[in-house]
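For the single chain, residues carry numbers from 1 onward in sequence order.
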Amino acid sequence: MKQIISLEGITKKYNNKIVLDNINLSFYDNQSTAIIGANGTGKSTLLKIIAGLLPVDKGKRISHLSRNININYVPERFPKLRMNPREYLFYMGSIQEIEKSNLKKRIEAYLEIFHISENMRKTWINQLSKGSIQKIAVIQALLKTPDVLILDEPISGQDIKSQDVFIRLMKRFKSENVVIIFSCHEEYLIDKLADRVLTIDNNRIKSDVLTNINENINDSGVLDYNLSNNKQIWQNRYY
């Protein structure tokens, strides 16, 4: 595996209170890492630092790529926007400079497999349920394959079918050498997806454990993903 991003001696304070203390971590391609711990232990803060969204009081964040690193991020609390899912996703895709016809196919494919109904696609995001909003948050981060995908409580509020779709998509992205880093409380997600589990306690990394998850992404119910002649084809055999 190739080292993609690392943290060296990271310390972060809020109002002079230490939230993270001397954190040293490295993350690698084709690896999925779960970050767990009690509420308030600094999981979200750590994810934002890895994403480059928060300054630190001490230490440094290092990219090991020879080019600019591409990081996509899903926050725990997604803003309730006054625009519908299609409008928002087209806007996000245009920022990432995805070709328009390809972007449309990707958006419609993701909306379909996450069971976003036609009525929901026309409804303002601020009027959708928590689970539906979280689906849109995940979709916007998957429109273009990143180097690092960071997700804060990604399946919070989602139904079990959408959770299974999410897990299969994450396995697909991991097979494409994407670094996946996520926080969660669900043992189900950890068991299915995490190659590595980091536990935060008392402002530090308490444990760093490698797991032995099943790497087979072609089991029954997989979402087949093919790119051919710039077309994206989703065959959903699960429903």
Side-chain angles (χ1 to χ4, degrees), residues 14 19-20 27 31-51 53-54 71-86 88-89 92 107 109-117 119-121 123-143 146 148-174 178-201 205-206 211 213 221 223 238-239:
Y14 286 121
V19 178
L20 297 172
F27 298 96
Q31 185 182 68
S32 177
T33 300
I35 300 176
I36 64 174
N39 290 334
T41 53
K43 299 187 300 296
S44 294
T45 297
L46 178 58
L47 291 178
K48 289 176 183 178
I49 289 171
I50 297 169
L53 299 175
L54 276 182
I71 298 177
N72 288 356
Y73 172 69
V74 177
E76 179 183 8
R77 293 180 178 84
F78 194 71
K80 295 185 177 182
L81 305 171
R82 297 181 68 179
M83 56 198 311
N84 68 45
R86 275 199 182 102
Y88 173 71
L89 293 171
M92 295 303 294
I107 289 173
Y110 279 125
L111 292 173
E112 182 69 23
I113 65 171
F114 274 105
H115 301 285
I116 304 296
S117 69
N119 183 58
M120 292 165 63
R121 298 175 197 187
T123 302
W124 279 0
I125 292 173
N126 66 356
Q127 297 175 3
L128 296 175
S129 68
K130 177 183 178 181
S132 296
I133 292 174
Q134 194 65 10
K135 291 178 186 180
I136 302 304
V138 170
I139 291 171
Q140 62 85 23
L142 304 183
L143 292 175
V148 181
L149 181 58
I150 298 175
L151 309 107
D152 197 347
E153 301 288 348
I155 63 172
S156 175
Q158 291 195 31
D159 57 80
I160 190 66
K161 288 184 178 180
S162 295
Q163 291 178 22
D164 286 341
V165 168
F166 172 81
I167 289 167
R168 286 169 172 78
L169 285 170
M170 291 303 100
K171 289 184 176 181
R172 178 66 66 182
F173 272 80
K174 187 164 74 73
V178 175
V179 179
I180 299 175
I181 309 168
F182 65 97
S183 70
C184 75
H185 293 284
E186 297 87 1
E187 291 185 12
Y188 171 79
L189 181 58
I190 296 169
D191 290 342
K192 291 289 187 178
L193 188 58
D195 302 299
R196 177 187 184 193
V197 179
L198 301 174
T199 304
I200 300 181
D201 189 35
I205 302 300
K206 180 180 179 180
T211 67
I213 62 171
L223 295 167
Y238 193 65
Y239 306 109

Using 0.5 Å steps for rounding, measure from the [atom1] atom of [X] to the [atom2] atom of [Y].
X    : Y    : atom1 : atom2 : result
I139 : I107 : CD1   : CD1   : 9.0 Å
L151 : S156 : CG    : OG    : 12.5 Å
Y188 : D164 : OH    : CG    : 3.5 Å
L47  : D152 : CG    : CG    : 5.0 Å
Y14  : L20  : OH    : CG    : 8.0 Å

Are any non-hydrogen side-chain atoms of [X] and [Y] less than 4.5 angstrom apart?
X    : Y    : value
I205 : I200 : yes
F114 : L169 : yes
I155 : S162 : no
V74  : Q140 : yes
N84  : R121 : no
S132 : M120 : yes

Which heavy atom of [X] sits nearest to which heavy atom of [Y], and what is that distance?
X    : Y    : answer
I113 : V165 : O-CG2, 3.6 Å
A141 : N72  : O-ND2, 2.7 Å
L89  : L143 : O-CD1, 3.6 Å
K135 : D159 : NZ-OD2, 3.4 Å
P85  : I125 : N-CG1, 4.0 Å
T123 : N119 : OG1-O, 2.8 Å

Determine yes or no for a side-chain-to-main-chain donor-acceptor pair under 3.5 angstrom, with [X] supplying the side chain and [Y] the backbone.
X    : Y    : value
R82  : W124 : no
E76  : S183 : no
K206 : D201 : no
Y110 : L142 : yes

In sequence, state the C-alpha distance, the side-chain angles, and the governing distance for L149 and K174, and then conclude on side chain to side chain contact (heavy atoms under 4.5 Å, CB included). CA-CA 9 Å; L149 181 58; K174 187 164 74 73; over 6 Å; no

Looking at F166 versus F182, is the centre-to-centre ring distance below 6.0 Å? no

Checking I71 now: which residues fulfil side chain to side chain contact (heavy atoms under 4.5 Å, CB included) with it, not counting sequence neighbours? I5, A51, R61, I69, V148, I150

Which residue pairs pass the salt bridge (Lys or Arg N to Asp or Glu O under 4.0 Å) test when at least one of the two sits in residues 35-44, sequence neighbours left out? none

Can L111 and I136 be said to form a side chain to side chain contact (heavy atoms under 4.5 Å, CB included), step by step? CA-CA 8 Å; L111 292 173; I136 302 304; 4.2 Å; yes

Please determine whether side chain to side chain contact (heavy atoms under 4.5 Å, CB included) holds for the pair E186 and E153, giving the CA-CA distance in whole Å, both sets of side-chain angles, and the decisive distance to 0.1 Å. CA-CA 9 Å; E186 297 87 1; E153 301 288 348; 4.1 Å; yes

Checking M170 against S32 for the side chain to side chain contact (heavy atoms under 4.5 Å, CB included) test, could you report, in this order, the C-alpha distance in whole Å, the side-chain angles of both residues, the deciding distance, and whether it holds? CA-CA 9 Å; M170 291 303 100; S32 177; over 6 Å; no

